[in-house]
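Notes for the one structure printed next.
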Amino acid sequence: MTRLFSSLRARFLAAILIWVALGIGALWFSSVRLFSSHVEQQYHEELEVHVRELAELTVLDAAGNPRLSRPLSDPRYAVPLSGFYWQIGRPGHRSLKSPSMTRGALDEDVAHSPDILHRVENGPTGPTITYGFERAVPGGAPLHFVIATDERLLRAVIASFTRELSLWLSLLALALLASGLAIITLGFRPFNRLAARIAALRRGQADHIEGVFPDEIRQLVDPLNSYLARNAEIVERGRVAAGALAHSLRTPLAVVTDEAERLQQRGTESAAADVFLSESETMQRQIDYHLSRVRSGGSHAGMVGGVRLAAILPPLIAAMERCHPGKRFAATAAALDPAAPSLPMDAEDLSEILSNLLDNAGKWARSGITIDYRFDGAARRIAITDDGPGVPPDQRETMFGIGARGAGPGAGSGLGLAIARDVARDYGGDVALDRAPSGGTLATLRIGDGPAGDM
């Protein structure tokens, strides 16, 4: 429930549903009640008029029996079992009934007062709304006038109105909900475009948010674009400054290293010379590492275009085959497919990662290295497999440390894997080492969703 109402769309839709339900419900209830009251009042007024008319039309014959001077004005009282009945009674004389009452009789208990009274009684065809009063006759028994209408007729009129009203109000509710949904859809369309532009930023397909937005959203977009531009400027300035600092340290570091080597060659202060050389190498590795990271476009992750693996892989393979003669670098058809999905990375950064991984594989492979490319939705995975001795499981993570390197003549500076992983993580990805099916090393670059080693 909490996740459902974390959406503004869901909140607005819930509010519309509630207000439509309350509004339509209140309209239905008040309309039915008002109509029912009006119809009931109409029936009661009609019955009261007819019972008075019945009394006006009643005369006594020579024997004192009641009869009508003419039929009642409403023809429904002449239709058999129509639900409209009247009855005139006089104690000691025969009763007079409407032609519609072909069976049964009306209860005259309601007609024992000169005032017109009414109540619901049982009639010939079910419960009836019954009106009645009595009128005195000089020198004889009074006359009892009773008129009735089946209650079912009143309820049928109300039920018919209720069904019709319910149908039209249901259609109105659906129309209101549809219009509300349309308003929400149209109202949130700028937010959808904004989300798409931000997604393009994250995928590296744009460096700012472009497009025309309503004023309310423009108040967010303009400062965000200014922030992106300012951030890019600061990062670029920081890269230049860091690069300049690293380069400025190279010269004094080279002098210190040269002096330490001279001390070592002279044989004097050899212990101090060894310390100088060791620390100088450590400093050199740190400078090389940070200088490489400064050159990387990783700090711009999310604001760069995509790059196709097929566009940068052939030159890298050619360079690696020159650096590692006798080793064969082979790419699968998927890796060289120009129509394969691009990677949301800067081309230089992808080249930096792959050159480090390919160089590392070339140093330890016996004869061959294979490059494969897998993609599934947003996940992009590049697998580099060599047929070398492999990396023991307990050393696979430590190999990513700065200065960590394997034993043997092929060991490098210990920076390649560290740089490759850091650049990949700038893009929300990762680099992992695993055992290849051939027994060598499987190095996997993952950009997007999914674990790095899942190939």
Residue pair [X] / [Y]: nearest heavy atoms and the distance that separates them:
X      : Y      : value
Met101 : Trp86  : CE-O, 3.5 Å
Val431 : Arg421 : O-NH2, 2.8 Å
Ala443 : Leu433 : CB-CD2, 3.8 Å
Ile419 : Asn356 : CG2-ND2, 3.8 Å
Arg380 : Leu343 : CB-CD2, 4.0 Å
Tyr373 : Ala334 : O-CB, 3.5 Å

_For Ile382 and Ile353: C-alpha separation, side-chain torsions, deciding distance, then whether side-chain contact (heavy atoms from CB on, under 4.5 Å) applies._
CA-CA 11 Å; Ile382 300 174; Ile353 295 173; over 6 Å; no

Measuring only between side-chain heavy atoms, which start at C-beta, is [X] closer than 4.5 Å to [Y]?
X      : Y      : result
Glu45  : Gln41  : yes
Ser170 : Leu174 : no
Pro124 : Leu106 : yes
Asp107 : Asn122 : no
His50  : Ser73  : yes
Thr444 : Asp434 : no
Arg103 : Thr125 : yes
Thr130 : Thr149 : no

Measure the spacing between [atom1] of [X] and [atom2] of [Y] and express it to the nearest 0.5 Å.
X      : Y      : atom1 : atom2 : result
Trp19  : Leu177 : CH2   : CG    : 14.5 Å
Leu153 : Arg76  : CG    : CZ    : 8.5 Å
Ile198 : Phe191 : CD1   : CZ    : 10.5 Å
Arg308 : Asp337 : CZ    : CG    : 8.5 Å
Met399 : Asn360 : CE    : CG    : 6.5 Å
Leu17  : Leu176 : CG    : CG    : 11.0 Å

Between [X] and [Y], is there a donor-acceptor pair closer than 3.5 Å when you use the side chain of the first and the backbone of the second?
X      : Y      : value
Asp430 : Arg446 : no
Asp150 : Arg152 : no
Arg396 : Ala432 : no
Arg374 : Arg381 : no
Ser37  : Leu34  : no
Asp359 : Ser355 : no
Ser82  : Phe84  : yes
Ser100 : Tyr77  : yes
Ser160 : Ala156 : no
Ser30  : Leu27  : yes

*Val32 and Leu165: side-chain contact (heavy atoms from CB on, under 4.5 Å), yes or no, with the steps?*
CA-CA 8 Å; Val32 170; Leu165 179 68; 3.7 Å; yes

*Are side-chain N/O atoms of Ser438 and Asp387 paired as donor and acceptor at under 3.5 Å?*
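There is no such pair between these side chains.
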
_Residues Val157, Tyr43; criterion side-chain contact (heavy atoms from CB on, under 4.5 Å); working and verdict_ = CA-CA 11 Å; Val157 172; Tyr43 265 72; 4.1 Å; yes

*Is the CZ atom of Arg155 crowded by more than 12 outside heavy atoms at less than 6.0 Å?*
yes

*Could you tell me how the ring of His324 sits relative to the ring of Phe329: parallel (under 30°), tilted (30 to 60°) or perpendicular (over 60°)?*
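Tilted: the ring planes of His324 and Phe329 meet at 30° to 60°.
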
_His118 and Tyr131 aromatic ring geometry - parallel, tilted or perpendicular at 30°/60° bounds_ = parallel

*Go through the steps to decide whether Ile371 and Leu358 satisfy the test side-chain contact (heavy atoms from CB on, under 4.5 Å), and finish with yes or no.*
CA-CA 9 Å; Ile371 305 100; Leu358 290 172; 3.7 Å; yes

_What verdict does the side chain to side chain donor-acceptor pair (under 3.5 Å) test give for Gln42 and Glu46, after you've listed the backbone C-alpha separation in whole Å, the side-chain angles of each residue and the deciding distance to 0.1 Å?_
CA-CA 6 Å; Gln42 186 179 19; Glu46 187 177 272; 5.6 Å; no

